[in-house]
Amino acid sequence: MGAMLFTGGPVWTGEGRAEALAVRDGRIVAVGDARSARDALDGIAFEHVDLGGRMLMPGFHDAHVHPVSGALERLRCDLSHLHDRAAYLRTVGEYAKAEPGREWITGGGWSMSAFPGGLPRREDLDAVASGRPVFLPNRDHHSAWVSTAALERAGIDAGTPDPANGRIERDPDGRPTGVLHEAAMDLVTPLLPEDTDEDYDRALMEAQRYLFSLGITGWQDAIVGAYAGSRDQLGTYLRADAAGRLRARVAGALWWERDRGGEQIADLERRRALAAGAARFRAGIVKIMQDGVAENFTAAMIDPYVGKGFCGTSNVDPSRLREHVAALDRAGFAVHFHAIGDRAVRECLDAVQASANARRHHIAHLHVVHPDDVPRFGALGVTANIQALWATHHEQNDTLCVPFFGPERAAHQYPFGAIARTGGRLAAGSDWPVSTPDPWPAIHVAVNRTEPEGSAESAWPTSQTPMLPEQALTLTQALTAYTAGSAYVSHLDAEIGTLTPGKAADLVVLDRDPFEPGTTLHDVRADLVFIDGEAVHDHGSTIGAARPATPGSAARAG
């Protein structure tokens, strides 16, 4: 590792702005004016990066992402970049023809808004897949679209009961339609061809490459364990770390199995111990998925869905949840909760309140939060782990969620601004492959509460009407959530999150200064990305060549 000097553009440190930054041996050694930064490198050779007006900032840390699943979908039957039924079927058919030797067609990424009521049909898959079994999770991975052959292989028919924490969509005569929600997916997933270690190793490296290209230098993997057809990724991370292939800083949230209880904590402790010697990976967090999603009515609500007569599903009994969180506290684990509905959010907050310690617990998603619970985030020290991209008027939310919330509850969606105003800490993540891992469209939404122009969702008539504009964040708040806030919930804030002397030089040079008035935030890109002061992504920029230094002077390059 050498030395670098960044000048010629704004340096956003996470705590303010500076005009220069110096790096030596992978660490930040000076932040301030150009002279003091250059003096910190006196007598050594360094590379000079002329920012040319572009902004330097800390690397993004995605606080809720599924990199291996996202990369596997990119490498298989990938529907995530498409937006309508015809395109989905065309792509599945083309994939089936291109991969005749694959017994099952897998991949995923379809949007519920592409189908009436959010529900595709098995017959469509039958027509394009030539009778082969198909299993395609949707974008949020809470439902799967399956073919008739897949249902038959799993023995799912009109007489099959819904499993606990799951639902089989059915025609009026009881016959399955081809959509399986939540735990109902587990009726099929044991039959899927098992991915190999090589498949997962390749997927992790593809995910790392892709995330680096977006300026994401680390992340929290929101499910490290077997879930919805995905196998456990713990070994994948440990192999990559041991071989030196894992360059990102990663925190793994170990999966809490919903059909088990407190007896699994001993297993979680053993899994955490396996990662104790890793250089770039740690596993001191547990993921508890407390409810489902609003689109399929499995999100846990305080009051019934309008016209439905039921309130969704709590995956863990609230009294048990309090016991489990207290036990996880005692075992030294932080908890990463999934909570979409207002009842699930309240149950998670209640569980933290009942526990003895505050171990950087955080609640992700927060689609609906009752106003009474908003100030509890700050009071309890619970971080709101936001996926800001979803906080707009887009078709899926406006047609599949809002009508069943009713107007009062619809006013409680994604209250990021209110949580911040009442003292709550924010972290930010993408939930890729549910949505794009690119931070900038999400930052645009956090600041504007409208769809980025040109996105597929921007064609929806109300997409440019701000959703609850009083819940918008400032650009500084949004960037802080995606850097320091996310580093905090991953227990990495001593290493990353702000540009502070002594911290790791995980850096991003943007293609512009996003604070400039009139900047189109969703178009911002990463030009250069560094891990420990070494370039891991270069989008056509030029880094000045180092020159040998003379004693007592700084080499100036570029």
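In terms of heavy-atom proximity, Thr498 sits nearest to Ala484 at CG2-CB, 4.2 Å. Across all their heavy atoms, Ala30 and Ser36 have their closest contact at CB-O, 4.3 Å. Residues Phe416 and Ala391 share a closest heavy-atom pair of CE1-CB, 4.0 Å. Closest approach of His141 and Ser69 over heavy atoms only: CE1-CB, 4.5 Å. A pairwise comparison of heavy atoms in Ala526 and Val508 identifies CB-CG1, 3.9 Å as the closest pair. The two residues Ile285 and Val489 make their nearest non-hydrogen contact at CD1-O, 3.5 Å.
To the nearest 0.5 angstrom, Leu204 atom CG is 8.0 Å from Arg245 atom CZ. The structure places CD of Gln233 at 12.0 Å from OH of Tyr227, a figure rounded to the nearest 0.5 Å. Note that CG of Asp431 is 12.0 Å distant from OG1 of Thr436, once rounded to the nearest 0.5 Å. To the nearest 0.5 Å, atoms OG (Ser490) and NE2 (His61) are separated by 3.0 Å. Atom CG of Leu254 sits about 5.0 Å away from atom CZ of Arg271, to the nearest 0.5 Å. Summarising the geometry, atom CG belonging to Asp513 is positioned 11.5 Å from atom CG belonging to Leu56; distances are rounded to the nearest 0.5 Å.
Looking only at distances, a side-chain donor or acceptor of Gln471 sits under 3.5 Å from a matching main-chain atom of Ala418. Glu451 places no side-chain N or O within 3.5 Å of a backbone atom of Thr392 that could act as its donor or acceptor partner. Side-chain N or O atoms of Asn385 include none that pairs as donor or acceptor with a backbone N or O of His362 at under 3.5 Å. Panel note: side chain Lys503, backbone Asp493; a donor-acceptor pair is recorded below 3.5 Å. Side-chain N or O atoms of Asp291 include one that pairs as donor or acceptor with a backbone N or O of Ile340 at under 3.5 Å. Listed for the Lys287 side chain is a donor-acceptor partner under 3.5 Å among the backbone atoms of Ala222. Ser463 places no side-chain N or O within donor-acceptor distance of the main-chain N or O of His394, the cut-off being under 3.5 Å. With hydrogens and angles disregarded, a donor-acceptor distance shorter than 3.5 Å links the side chain of Arg54 to the backbone of Leu51. In this structure, the side chain of Arg24 does not engage the main chain of Ala3 through any donor-acceptor pair within 3.5 Å.
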Given salt bridge (charged side-chain N to carboxylate O under 4.0 Å, His left out), test Arg139 with Glu457 step by step and report yes or no.
-> CA-CA 14 Å; Arg139 290 182 185 178; Glu457 289 77 10; 3.8 Å; yes
Going through the distances and angles, do Met4 and Glu534 end up as a side chain to side chain contact (heavy atoms under 4.5 Å, CB included)?
-> CA-CA 10 Å; Met4 303 184 77; Glu534 295 184 3; over 6 Å; no
Can you check side chain to side chain contact (heavy atoms under 4.5 Å, CB included) on Asp232 and Trp255, steps first, answer last?
-> CA-CA 9 Å; Asp232 184 13; Trp255 176 238; over 6 Å; no
Evaluation steps, side chain to side chain contact (heavy atoms under 4.5 Å, CB included), between Met55 and Arg17 = CA-CA 10 Å; Met55 192 175 86; Arg17 286 165 77 93; 4.1 Å; yes
Check step by step if side chain to side chain donor-acceptor pair (under 3.5 Å) holds for His48 and Thr7.
-> CA-CA 8 Å; His48 176 230; Thr7 65; 2.6 Å; yes
Could you please spell out the steps behind the side chain to side chain contact (heavy atoms under 4.5 Å, CB included) verdict for Ile363 and Val352?
-> CA-CA 10 Å; Ile363 304 176; Val352 173; 6.0 Å; no
Run the ring-ring contact (aromatic ring centres under 6.0 Å, His included) check on His83 and His81 step by step: do they pass?
-> CA-CA 7 Å; His83 306 286; His81 60 294; 8.1 Å; no
For side chain to side chain donor-acceptor pair (under 3.5 Å), just list the numbers for Thr450 and Asn448, CA-CA rounded to whole Å, side-chain angles, deciding distance to a tenth of an Å, and then say yes or no.
-> CA-CA 5 Å; Thr450 60; Asn448 298 289; 5.1 Å; no
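Ring geometry for His338 against His142 counts as tilted: the plane angle lies between 30° and 60°, on a 0 to 90° scale.
With sequence neighbours excluded, the residues forming a side chain to side chain contact (heavy atoms under 4.5 Å, CB included) with Leu274 are Leu234, Leu238, listed by chain and number. Taking the side chain to side chain contact (heavy atoms under 4.5 Å, CB included) definition, one finds that Asp199 meets it with Arg76, Asp195, Thr196, sequence neighbours left out.
A heavy-atom distance below 4.5 Å is not found between the side chains of Thr217 and Phe530. Contact annotation: the side chain of Asp221 approaches that of Tyr237 to within less than 4.5 Å [non-hydrogen atoms, C-beta and beyond]. You'll find the side chain of Gln387 reaches within 4.5 Å of the side chain of His365, heavy atoms only. Leu510 is listed as a side-chain neighbour of Trp440, based on a closest heavy-atom distance under 4.5 Å. The closest side-chain heavy-atom distance from Trp219 to Trp432 is not below 4.5 Å. Here the side chains of Leu426 and Thr480 are not in contact, with every heavy-atom distance at 4.5 Å or above. Inter-residue side-chain proximity for Val524 and Arg512 is flagged as met; some heavy-atom pair is nearer than 4.5 Å. At least one side-chain heavy atom of His361 sits less than 4.5 Å from a side-chain heavy atom of Asp329.
No side-chain donor-acceptor contact under 3.5 Å links Gln220 and Ser486. Counting only N and O atoms by type, the side chains of Gln413 and Asn397 include a donor and acceptor under 3.5 Å apart.
A cation-pi contact, defined as under 6.0 Å to the ring centre and within 45° of the axis, is absent between Arg449 and Tyr414. Both the sub-6.0 Å distance and the 45° axial angle are not jointly satisfied by Arg247 relative to the ring of Phe212.
Applying the ring-ring contact (aromatic ring centres under 6.0 Å, His included) test to every pair with at least one member in residues 464-502, sequence neighbours left out, gives these pairs: Phe60-Tyr482.
The distance between the ring centers of Phe333 and Trp256 does not fall below 6.0 angstrom.
In the displayed structure, Arg74 atom CZ is contacted under 6.0 Å by more than 12 heavy atoms of other residues, nucleotides or ligands. Heavy-atom contacts from other residues, nucleotides or ligands closer than 6.0 Å to CD of Glu453 number 12 or fewer.
The pair Arg282-Asp241 does not meet the salt-bridge criterion, since no charged nitrogen lies less than 4.0 angstrom from a carboxylate oxygen.
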